[in-house]
Amino acid sequence: MAQGLIEVERKFVPGPDMEERLQELGCTLEHRVTFRDTYYDTSELSLMRSDHWLRQRQGSGWELKCPGVAGVPGPHNEYVELTSESAIVAQLFDLLEAEKPEMAGVAAVLHPLKLQEVASFITTRSSWKLALSEGHEQEPLLRVDLDSTDFGYAVGEVEVMVHEKAEVSAALEKIFSFSRLLGVAAQEKVPAKLLVYLQRFRPLDYQRLLEANGLSEATGD
């Protein structure tokens with residue numbers, strides 16, 4: 001698989017005063033944005049059932065999330081994010097065991113690979129970053145996203161992006177430490193927006209994922 005950044009994340013349920021709490025902890029608001037996410041898969045959910053998540057985000061392009069390195073068990077997720085279209089296409093053809101094209105973008109291979117839209121929804125997000133002290137310029141940046149969707153679901157996420165497997169443990173320590181400061185319960189597990197969407201609007205597909213090796217705990221985001 002092509003190399004990508006490793007996303008280490010933990011989701012939580014944000015309280016009504018979460019933005020004030022983030023400011024108290026030294027976080028600064030980066031931006032507020034509204035966007036649409038559209039997810040694609042086969043009719044059998046071949047990608048999601050193997051913990052791969054293909055998304056097109058309005059204004060950002062395509063992304064394929066792939067299972068990350070085996071890490072510490074707990075209420076967090078690790079994914080490798082592919083954003084290069086050539087890398088995404090190559091990985092899709094490997095996953096779906098199809099003959100690779102010579103050159104093609106993601107949109108061009110949707111039909112040949114029998115990939116179709118399975119979910120589409122709008123998210124309003126406020127993105128925060130932890131203000132780092134002097135002398136820590138090389139430390140991976142901790143980010144917090146607070147999301148609310150057009151179907152009435154709200155979720156927060158503490159995230160650190162790293163380049164190497166060796167950095168994952170330190171990222172996890174940072175995430176868990178900051179989560180405690182936010183008041184997140186130690187073993188709290190919160191479903192991702194996509195899984196809640198499927199549960200509400202495509203219950204048969206949601207049930208498929210529940211039966212596929214515990215993917216009810218995958219992020220899908």
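Everything numeric here is computed off the predicted structure, so don't read it as measured data. Quick note: residue numbers are just sequence positions, from 1.
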Before giving the answer on salt bridge (Lys or Arg N to Asp or Glu O under 4.0 Å), spell out for Lys65 and Glu7 the whole-Å C-alpha distance, their side-chain angles and the decisive distance to 0.1 Å.
CA-CA 9 Å; Lys65 284 193 176 185; Glu7 175 192 46; 2.8 Å; yes
Leu195 and Leu209: CA distance, side-chain angles, deciding distance, side-chain contact (heavy atoms from CB on, under 4.5 Å) verdict:
CA-CA 9 Å; Leu195 296 184; Leu209 294 183; 3.7 Å; yes
Going through the distances and angles, do Phe178 and Leu142 end up as a side-chain contact (heavy atoms from CB on, under 4.5 Å)?
CA-CA 9 Å; Phe178 192 76; Leu142 184 145; 3.9 Å; yes
Could you walk me through whether Lys129 and Glu159 satisfy the salt bridge (Lys or Arg N to Asp or Glu O under 4.0 Å) test, starting with their C-alpha distance in whole Å, then the side-chain angles of each, then the deciding distance to 0.1 Å, before giving a yes or no?
CA-CA 10 Å; Lys129 66 178 179 180; Glu159 173 191 282; over 6 Å; no
Could you please spell out the steps behind the side-chain contact (heavy atoms from CB on, under 4.5 Å) verdict for Leu115 and Leu92?
CA-CA 10 Å; Leu115 294 168; Leu92 289 175; 4.2 Å; yes
Please assess Phe121 against Tyr39 for the test side-chain contact (heavy atoms from CB on, under 4.5 Å), listing each intermediate value before the final yes or no.
CA-CA 9 Å; Phe121 51 84; Tyr39 289 83; 3.9 Å; yes
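The aromatic rings of Tyr40 and Trp62 are tilted relative to each other, their planes meeting at an angle between 30° and 60°. The aromatic rings of Phe151 and Tyr153 sit parallel, their planes meeting at an angle under 30°, below the 60° perpendicular limit.
Remark: the Thr123 side chain and the Asp147 side chain contain no N/O donor-acceptor pair separated by less than 3.5 Å.
With a 4.5 Å cut-off on side-chain heavy atoms, Leu54 and Leu110 count as touching. At a threshold of 4.5 Å between non-hydrogen side-chain atoms, the residues Leu182 and Phe12 count as touching. Residues Leu194 and Met48 meet the side-chain proximity criterion, which asks for heavy atoms closer than 4.5 Å. Counting only heavy atoms from C-beta outward, the side chains of Gln91 and His52 approach each other to under 4.5 Å. Within the 4.5 Å cutoff, the side chain of Tyr79 has no heavy atoms near those of the Val8 side chain. Side-chain contact check for Val158 versus Glu9: every heavy-atom pair is 4.5 Å or farther apart. The closest side-chain heavy-atom distance from Gln116 to Thr42 is not below 4.5 Å. Between Met18 and Leu146, the closest side-chain pair of non-hydrogen atoms falls below 4.5 Å.
For the side-chain hydrogen bond (donor to acceptor under 3.5 Å, both in side chains) with Glu63, the qualifying choice from Arg55, Arg57, Gln56 is Arg55, the only one to do so.
Taking a 6.0 Å sphere around NE2 of His111, one finds it holds 12 or fewer heavy atoms contributed by other residues, nucleotides or ligands. Shown here is Glu30, whose CD atom has more than 12 heavy atoms of other residues, nucleotides or ligands within 6.0 Å.
Leu25 and Leu130 fall within the same hydrophobic cluster, where Ile, Leu, Val, Met, Phe, Trp and Tyr residues are linked whenever their side-chain heavy atoms come under 4.5 Å apart, directly or through other members. Linking Ile, Leu, Val, Met, Phe, Trp and Tyr residues whenever their side-chain heavy atoms come within less than 4.5 Å places Leu210 and Tyr197 in a single cluster.
Looking at Glu85, its side chain does come within 3.5 Å of a backbone N or O of Val106 through a donor-acceptor pair. The backbone N or O of Ser46 lies less than 3.5 Å from a partner atom in the side chain of Asp41, making a donor-acceptor pair. Distance alone, capped at 3.5 Å, places no donor-acceptor pair between the Arg143 side chain and the Met161 backbone. A donor-acceptor pair under 3.5 Å is absent between the side-chain atoms of Ser177 and the main chain of Lys174, judged by distance alone. Of the possible polar contacts, none joining the Arg208 side chain to the Pro203 backbone as a donor-acceptor pair under 3.5 Å is found. Looking at Glu97, its side chain never comes within 3.5 Å of a backbone N or O of Phe93 through a donor-acceptor pair.
Taking all atoms of both residues into account, the shortest heavy-atom contact from Ser50 to Pro67 is O-CG, 3.9 Å. When all heavy atoms are compared, the tightest approach of Val118 to Leu198 is O-CD2, 4.0 Å. Across Pro14 and Gly156, no two heavy atoms sit closer than the pair CD-N, 3.5 Å. When all heavy atoms of Ile6 and Lys165 are compared, the closest pair comes out as CD1-N, 3.8 Å. Nearest heavy-atom pair, Ser127 versus Leu29, reported as atom, atom and distance to 0.1 Å: O-CD1, 3.4 Å.
The OG atom of Ser126 sits 7.5 Å away from atom CG of Leu22, with the distance rounded to the nearest 0.5 Å. The structure places CD of Gln23 at 4.0 Å from CH2 of Trp128, a figure rounded to the nearest 0.5 Å. Here the straight-line distance linking atom CD of Glu211 with atom OH of Tyr206 works out to 11.5 Å at 0.5 Å rounding. For the atom pair CD of Glu81 and CD1 of Ile88, the computed distance is 10.0 Å after rounding to the nearest 0.5 Å. Rounding to the nearest 0.5 Å gives a distance of 9.0 Å between OG of Ser120 and CD of Gln58. One distance of note links CD of Glu167 with CG of Leu172; it measures 12.0 Å at 0.5 Å rounding.
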